[in-house]
Amino acid sequence: MTTDLKRLLSQINPFSSRHETSDNHDEEEFKLPNMASLVIMISMNLLLQVSFFIVVSSSNKYAEYLGGNATFSGIVIGIPTAFAGLSLIPLTKYDKGLYKMPLHVSCCFAILGHVAYALAFRANFLYLILIGRCLNGVAFTMFMYCKRYCTDSRIVGIRRRTTLASWLVICQGMGMTLGPFLGGVLYNIGFSNSIFNGYTSPGWIMAGIYAVFWVLATKYFEDIPQPPTIMELQSESDPDTIPIVSLEVKGGDAKASPNYPSAPTTHPTSPVDESFRAQLSLITLSQWGVIGCMCWFAMLCFFILGSWEANLPVFGAAAENLHWSPFAAGNFIALGGITCFPFLLFNLLAARRTQDRKLLAFGTILGLAGLVVFLSILRSGKVNYGSLFACWWTVALGFNLATTVTLSLLSKQLPPEWNGRTSMAIQYSNYTGRVTGAIWGGSGVSVGMMNFVGLEIAMVGIGAVLFTTLWRDLKTKTG
């Protein structure tokens, strides 16, 4: 799979716009990072997506076996994102703007989390699956780094960012397909073995995959070169021959004279603080509105996707004319992802020539249509496999497409120095949507499916008001 992905990535250049030229300005706008490192980051995003979704099919049954309920199952699905949000704070403090250290941390905690999730069956301890998913949450901090990597102005040109974000969305769709499908297939292994069975096999298999991937990432991933520090630059010169120059002011005249370090004096405000204040003063009111709008949509899309993924196995098992097993629920969710996949590939090409705001509008309208149709069939009582699948397909495709642009649009409008901050803001919005959506989905049947869908439609309505108000301000370069 990695080889195929690398081959497809290598074909990005032939897909470039015919308006591209070879001058330095265009080279800067269309630059890409080291290909092996890019493949590793995109592959890591895929593995994390599979990790998130592989428990969706059987977590409800697993929780019930250990004494839990459907709401607890929703918490199991969504809780990793809460811990990911908490873990990002210390991790970003020590990452130095680089990616290798977070990559190692993510692989380590992914393995620990999947092993703990698998051991819960043998230990007969309900909260061990929750502990395992919390450990997975630390690994899911890498979601933010994958997004930041694909919009990092140091390695990615402004006209490549939506394209690379489309690759992340493709991985999102693949994870949404492979995860539930594999979870459902592995459930059929049965339960004759207390170590490797239908509930525990996803944990053991994913732990093994991460171990192999960790070895490959250690060998082939190349981090962004750090710029030389002031001390390093000084060490390259002869300190005995290059004095520090200071200015002596007498009677209004300034003259340069050599000077050497002496006792420390009172320093003015940190240049970093001054720089941050200066950057804040340059952000206009409309740009703050765009930031708020993108954060809302980042939360909204993952809230709706997460709630449907958590709700479908519960709703399918409770519906009189469905009575789904975990295997059937996994197949249903995966079928929606498979049928969305060709359109996500087409989005990869369309993103190069379509404005981000138009992609966002199209995806939101398509997803809203699925929600409205689902509400109508719930009211009429005509829920069957075909009608439910049509709604799931439009919701999955629409809101997956909408997630393409939330970060790439901000990276094009704001200064490069803000990429780390906007990546954090968007990722925290994603995490908020993931965890609350999963809990809401697990509770959907108990609160009433009409209420379940009605809340989501209302949230889309709030996004629509933000979107239409800021339409002109959302315009950016394509690509």
Side-chain angles (χ1 to χ4, degrees), residues 48-84 110 112-137 139-140 175-191 196-207 302 305-318 322-334 336-337 392 434-446 452:
L48 293 172
Q49 297 288 352
V50 173
S51 291
F52 186 89
F53 290 112
I54 198 168
V55 304
V56 167
S57 304
S58 58
S59 65
N60 186 36
K61 294 289 186 180
Y62 198 5
E64 287 179 358
Y65 174 83
L66 296 174
N69 55 28
T71 301
F72 185 85
S73 170
I75 295 173
V76 167
I77 294 172
I79 197 66
T81 54
F83 274 79
L112 294 176
H114 282 296
V115 170
Y117 183 87
L119 289 175
F121 187 93
R122 180 64 183 267
N124 195 29
F125 183 39
L126 173 65
Y127 290 95
L128 189 54
I129 63 176
L130 197 63
I131 293 170
R133 293 292 283 174
C134 291
L135 292 171
N136 280 152
F140 290 166
M176 185 181 70
T177 301
L178 291 174
F181 176 74
L182 291 175
V185 169
L186 293 172
Y187 177 81
N188 286 340
I189 289 175
F191 305 95
F196 193 88
N197 56 50
Y199 294 143
T200 66
S201 53
W204 293 120
I205 289 175
M206 290 306 300
F302 281 94
L305 290 171
S307 65
W308 275 67
E309 289 147 3
N311 178 260
L312 283 171
V314 180
F315 176 70
L322 295 176
H323 292 298
W324 285 345
S325 66
F327 178 69
N331 286 343
F332 182 86
I333 296 172
W392 165 232
R434 283 279 198 202
V435 67
T436 55
I439 296 172
W440 181 243
S443 307
V445 173
S446 59
F452 170 78

Between A120 and I129, which heavy-atom pair has the shortest distance, and what is it? CB-CG2, 3.2 Å
F452 versus G441, closest heavy-atom pair with distance: CE1-CA, 3.8 Å
Would you give the length of the straight line joining atom CG of L182 to atom OG1 of T177, rounded to the nearest 0.5 angstrom? 10.5 Å
Mind listing the closest non-hydrogen atom pair of A110 and A139 along with its distance? N-CB, 3.6 Å
So CD1 of I75 and OG of S443: to nearest 0.5 Å the spacing works out to 7.5 Å
So which heavy atom on A207 is nearest to which on V115, and how close? CB-CG2, 4.0 Å
State which residues pass side-chain contact (heavy atoms from CB on, under 4.5 Å) with I205; sequence neighbours excluded, sorted by chain then number. L186, F196, I209
Does Y62 have its ring centroid less than 6.0 Å away from the ring centroid of Y117? yes
Contacts of A118 that satisfy side-chain contact (heavy atoms from CB on, under 4.5 Å) - sequence neighbours left out: T200, W204
Taking atom OG of S57 and atom CH2 of W324, what is their separation to the nearest 0.5 Å? 11.0 Å
Looking at R133 and I77, would you say the former's side chain and the latter's main chain have a donor-acceptor pair under 3.5 Å? yes
Who are the side-chain contact (heavy atoms from CB on, under 4.5 Å) partners of A123, not counting sequence neighbours? F125, L128
Distance (rounded to the nearest 0.5 Å) between F191 CZ and Y65 OH: 9.0 Å
Distance col, row F332:CZ vs L312:CG, nearest 0.5 angstrom, shows 5.5 Å
Of the options P202, P326, P313, which is the one that meets V56 in a side chain to side chain contact (heavy atoms under 4.5 Å, CB included)? P313
Distance check, rounded to the nearest 0.5 Å: I131 atom CD1 versus N136 atom CG? 12.5 Å
Please report the shortest heavy-atom distance between W440 and S307, naming the atom on each side. CD1-CB, 4.2 Å
Closest approach of A438 and A310, non-hydrogen atoms and distance? O-CB, 3.5 Å
Once the angle between the rings of W308 and W392 is folded into 0 to 90°, is it parallel (under 30°), tilted (30 to 60°) or perpendicular (over 60°)? parallel
Tell me whether F83 at atom CZ has more than 12 heavy atoms from other residues, nucleotides or ligands lying less than 6.0 Å away. no
What side-chain donor-acceptor pairs closer than 3.5 Å can you find for residues 67-74, not counting sequence neighbours?
unit_1	atom_1	unit_2	atom_2	d
N69	OD1	T71	N	3.2
N69	OD1	F72	N	2.8
S73	OG	S59	OG	3.0
S73	OG	N60	N	3.3

Tell me which donor-acceptor pairs under 3.5 Å the side chains of residues 48-55 have, and how far apart each pair is, sequence neighbours excluded?
unit_1	atom_1	unit_2	atom_2	d
Q49	OE1	R434	NH2	3.3
S51	OG	L47	O	3.1
S51	OG	H114	NE2	3.1
S51	OG	Y210	OH	2.7

Going by side-chain contact (heavy atoms from CB on, under 4.5 Å), name the residues that satisfy it together with V185, two or more places apart in sequence or in a different chain. F181, F327
